[in-house]
Structures are given as structure tokens and as C-alpha cells.
Undergrad: 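Would you mind keeping the following structure in view while I ask a few things?
A note on names: the letters A, B, ... follow the listed sequences, proteins ahead of strands, and every chain is numbered from 1.
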Amino acid sequence: MSSQLKESLSAVVDGEADEFELRRVLDETGRNPELLASWRRYHAIGALIRGEVTGGSSFARTSLNRVWAGLARGEAAADPASGARFDMASSSWVRRLAGTAVAASVALGVIAGFGQFGTPSGVADSIASAVQSPPVLTVPVAARLDADANPDASADAADAYVEANDELYREVIATAPAPVDAEQLRSFPSASDVVRSQGYILLHAHQVGVNRPAGPTAFVKVAAFESR
Amino acid sequence: MLNALSVALVAAPQISHADVDPAAARSADEWLAFMNRAFVERSYDGVFSYFDGTDLATLRVVHAIVDGVQRERLVHLNGAPREILRRGDDVSCILQPGDAMLALQESIPSGPFARAFTRSFEGISRNYDMTLQGDDRVADRAAVVIHVSPRDHDRYGYRLWLDRDKGLLLRSELVDMTGARLEIFQFAHVTIDESVDRLALEPVSSDGAVVNHLTLANAPNAAVVDHMPWYAQWVPNGFAMATRDVRRAPSTDQPVDTLMYSDGLAAFFGVYREPAGNGRSHVRVAQWGDGCGYPGRGRSAQCPLSGDCGRRTAGCDRATCRTLSPLFP
């Protein structure tokens with residue numbers, strides 16, 4: 001599949017394709033099995049993350065509940081080795097699929113458990129483990145990614161699926177942000193930095209307004225200021 | 001004589017055409033001057049929208065010359081009820097109790113603010129290309145379109161729609177180097193040069209309202225300016241210092257030095273110097289339309305930056321912070 005076609009597929013999944021590009025992708029899926037397979041994978045993952053996939057199993061619903069609970073707590077992924085934490089919710093790849101910000105490693109941990117273990121208890125344990133100790137993305141995950149994912153599928157079948165779809169996982173790893181070290185973390189803005197920045201933007205708006213001629217635009221930024 | 005008459009007969013239609021339609025004869029520069037005069041000299045009352053890149057606000061502006069004094073009232077029509085009043089050189093901001101801006105203003109130096117040393121800057125054409133781009137229609141009024149295009153990436157560009165007859169700004173867009181619109185201002189409805197109700201220029205009174213006076217009538221104290229012990233070694237091309245000031249943040253009572261730079265049009269670039277504290281990042285942490293804020297971290301002081309400037313300029317904040325130097329060794 002050409003890189004251009006991949007870009008077009010990404011644009012369609014993102015909802016950013018224009019009509020011409022959308023028509024092209026739809027037309028190509030009819031005669032390009034590789035493109036069709038990629039399309040199905042993207043939508044299957046997205047459906048799972050959005051909770052649209054149950055496969056007749058209550059464990060899918062449980063797993064999604066755990067994912068969203070983790071998001072509500074603002075959990076971020078952590079590198080087990082260094083303890084450095086990074087926010088995977090900004091992963092454009094997963095956000096694209098889920099349609100919203102999702103802790104990517106948590107979601108992938110769900111996917112990891114959803115096809116690899118044959119017993120309900122195994123699935124629950126693996127999901128719980130994934131949520132509490134999200135894996136670093138460099139660890140390959142095994143999953144069944146069909147929309148009708150069967151949690152009772154064998155691990156062998158899951159491994160075979162991974163081998164057949166390793167391009168997808170390479171993309172995940174390639175697009176995932178790398179863990180940051182402690183020094184980088186210290187350079188991130190603090191809450192007080194954010195407040196001060198907003199304050200100085202407001203101050204700046206005051207000073208600009210004072211130095212503009214009268215008119216609706218002179219102080220519009222002061223009048224319409226909203227804290228963010 | 002016949003030749004001279006022929007020349008006169010040929011020339012006359014062109015001269016009379018210009019008299020009938022002065023708009024056709026104006027250059028882009030002249031249109032901008034016409035716009036600035038309209039802001040100050042004309043009476044207008046209108047409702048407009050302001051899009052800052054993420055959110056849309058609606059405001060009303062009323063402007064008139066009353067007894068020789070310029071009067072203006074700007075009213076925020078959605079969200080927090082705020083009013084900006086202008087009486088001559090005095091500008092005040094009226095906020096209601098509970099307004100989030102009140103809390104934010106506790107952490108930053110408050111007004112009044114010094115005006116620029118001079119309001120006319122030479123060399124705007126060095127930094128911008130100004131071109132006429134034909135006619136359009138805004139708020140059911142005929143408009144002339146002007147593009148103000150930056151010559152480098154250190155500033156943003158503008159698209160302006162001016163009332164063809166009165167010169168008042170009807171619509172404006174602030175665009176970045178890719179043409180993406182960062183801010184939009186547009187009148188939905190406006191009356192120009194019609195009588196203005198004087199009551200429309202008065203604030204709506206309410207108990208507990210907080211009034212902040214934003215302006216100084218006089219220029220900054222020259223003694224204060226001369227003894228400012230620091231300056232920015234690097235500023236974007238075409239920017240010159242416009243104001244210098246020293247004030248204190250209400251909550252901390254710490255002094256904050258302010259330098260403001262302008263390129264002569266609308267772009268200002270502010271550097272604030274406050275005592276070293278917990279500011280720990282050069283990363284841009286706030287973006288609002290064309291304005292962006294950096295907490296800043298210098299060697300011996302924190303140097304927040306804020307600017308209506310291009311992304312490349314804002315990205316050079318590190319150089320500015322690190323090279324801040326004392327004026328005297």
C-alpha cells in the first residue's frame with residue numbers, strides 16, 4: 001500500500017479528508033485487500049475503545065469501564081524501569097481511533113488481554129494488571145482485533161494475528177511519544193506557570209489597548225478575556 | 001490653445017471622477033489612515049463578534065464625541081458582564097463581583113499603564129506590504145478589502161474590510177504565515193454617523209462593581225525610564241521599544257519591570273522582569289488568538305514574555321531570556 005494511500009486512510013479515519021480523498025479511499029477499498037484490512041483494523045480498535053464492541057461478552061464492558069475509570073483518575077503511563085511518567089492521552093494515534101483522548105497504554109493493555117487469555121478470570125486479571133501497571137509501548141501486545149473479537153481465542157491464534165499485522169503495531173510504537181526523563185519533566189510548566197502566563201497575557205492585552213486608537217478592537221481582548 | 005483645451009477636456013473627466021469617488025483614488029496606506037481617523041472622529045453604535053481562535057464573543061461598542069471629548073463604551077454581551085469605558089484619555093474597566101478576571105489581576109501588575117513614547121512609528125512599510133484587494137460587503141455595508149502582509153515570519157498579517165464610505169473597520173482577520181486565521185472581528189450590525197443616545201455611553205450601575213483605571217494621562221516619567229537597569233539583547237526585526245514601566249503585583253507586592261516593543265502597526269511584544277521564583281519553563285503555556293505567554297526563566301530573574309508576534313518570534317524567547325543583561329556592568 002503506498003504511503004500516499006496510507007495518508008489518505010489516516011485522513012479519513014481522522015475525519016479530515018475532503019470529498020475527493022474520501023471517494024478515492026472508498027473506491028480503493030473495493031479493490032485493495034490491504035487497504036480494506038487496514039480500514040477494518042482501525043475501526044475495530046476504535047470501536048473497542050469507544051465501547052461499541054462487546055462480542056457478547058461482559059468482560060469487554062468491564063474492560064472498557066476500567067479504561068474510563070483510569071482516565072477519570074487522570075492516570076498516565078509510567079515506565080516501570082525509571083518511574084518517569086508521560087501522558088499518553090495526547091497520543092494522536094489513539095485519540096484518532098477513539099475520537100477522544102485515551103490513555104493509550106491502558107487501552108492497549110485492554111487489547112492485550114482481550115484475546116490472549118482464554119478464561120474469563122484470565123481476562124479480568126490481565127485487564128486489571130494493565131490498568132494498574134500499564135505496559136511500556138515497546139512491549140509487543142497480542143490481540144484479536146476483529147470487531148467480533150472472541151475472548152476465548154487461543155494465545156496461539158492471537159500470536160499469529162500479531163505476526164500478520166505487525167505493521168499496525170510498528171505504527172503504534174513509532175507514533176507513541178517516548179517516556180521523558182526527570183530533567184525534561186522539571187522543565188514542564190507548573191500550575192503557577194500557567195496562571196502567571198494567563199495573567200501576563202491579560203496584562204499585555206491591557207497595555208496594547210491603551211496604546212491603540214479608540215475603536216472596538218482596542219480593548220476587545222480585555223472585555224472578552226476568558227481564563228483557560 | 002486647441003491642444004491645451006484638448007488636454008483639459010481629456011483631463012477633466014479623470015479629475016472629476018476622483019472628486020466624485022475619492023475612495024477610488026486612495027492607496028492602501030491612505031485607507032489605513034482613513035480608518036484610524038474614523039475610529040476617533042466618527043460616531044458609531046454596533047454589535048460585533050470576536051473570535052479569538054477558540055471561542056466566540058459578542059460585544060457592543062458605542063462611540064461618539066460629546067462636548068469635544070471622546071467617549072466610548074464597550075460591553076461584553078455574553079459570559080461575564082464587563083464594560084470598558086473611555087472618557088478622553090481615561091480608560092476604565094468595570095468588573096462585577098465573582099468575575100474570574102478579578103482573581104487573575106491579583107497576581108499581575110495592575111494599571112494604570114503608560115502610553116507609548118510615540119504613537120506614530122516610521123517604517124511600517126519596511127515590515128509589511130499593504131495592498132488593496134477589491135470590494136466586498138460586511139454588515140450590509142459596502143467595504144474595501146486591504147491586505148497587510150508581513151515581510152518576514154516575525155509578525156502576523158492582517159486582512160481588513162473598511163466601510164467604503166466612512167472608513168470604519170467592519171471586519172478584520174489576523175492571519176499567520178500559513179494563512180490560518182487566528183482572530184476574527186466582524187460587525188453584525190452598525191450605524192455610523194447617526195445620533196448616539198448619551199445613555200448608551202454610560203455604564204450600567206450595580207452594587208459591588210470593581211472599577212480599574214487603565215490609563216495614565218501623562219507620558220512615563222523620564223527618570224524612571226533612564227534608570228531601568230536591564231534590557232533585552234534580542235528583539236525581532238523591526239521592533240522598537242515603545243514603553244518602559246515599573247509596577248507591583250497586588251498579591252505579592254513584588255516589583256515587576258516592563259518593556260514593551262512595537263513594530264509600528266499593531267504588534268506589541270512584552271518582556272516582564274520579576275524576582276526569581278518558581279517559574280521553570282520556557283515552554284509556551286498559554287495561547288490566546290495572537291497572544292502567547294511564556295513563564296520564562298532567566299539567570300537572576302524570571303522573564304515572562306507575551307506577544308502579538310509570529311510563532312518564530314515567540315520561539316526565540318529562550319534567547320531573549322538568557323541574554324538579558326544589565327545596562328551597566
Undergrad: Can you see which heavy atom on B/Phe39 is nearest to which on A/Thr217, and at what distance?
TA: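 Where B/Phe39 meets A/Thr217 most closely, the heavy atoms are CZ-OG1, 4.5 Å.
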Undergrad: Check whether any side-chain heavy atom of B/Tyr50 sits under 4.5 Å from a side-chain heavy atom of A/Pro216, and report yes or no.
TA: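 Not in contact.
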Undergrad: For A/Ala223 versus B/Ile84, what's the shortest heavy-atom pair and its separation?
TA: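 Result for this residue pair: CB-CG1, 4.1 Å.
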Undergrad: Can you tell me how far the CG atom of B/Asp99 sits from the CZ atom of A/Phe225, to the nearest 0.5 Å?
TA: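 Atom-to-atom, B/Asp99:CG and A/Phe225:CZ are 10.0 Å apart.
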Undergrad: Where on B/Leu169 is there a heavy atom nearer than 4.5 Å to chain A: the side chain, the backbone, both, or neither?
TA: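 For B/Leu169, side-chain heavy atoms alone lie under 4.5 Å from chain A.
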Undergrad: Give the minimum heavy-atom separation between B/Arg86 and A/Ala218, together with the two atoms involved.
TA: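 The pair with the smallest heavy-atom distance is NH2-CB, 4.0 Å.
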Undergrad: Look up atom CZ in A/Phe219 and atom CG in B/Leu59, then write down how far apart they are to the nearest 0.5 Å.
TA: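 Here the interatomic distance stands at 13.5 Å.
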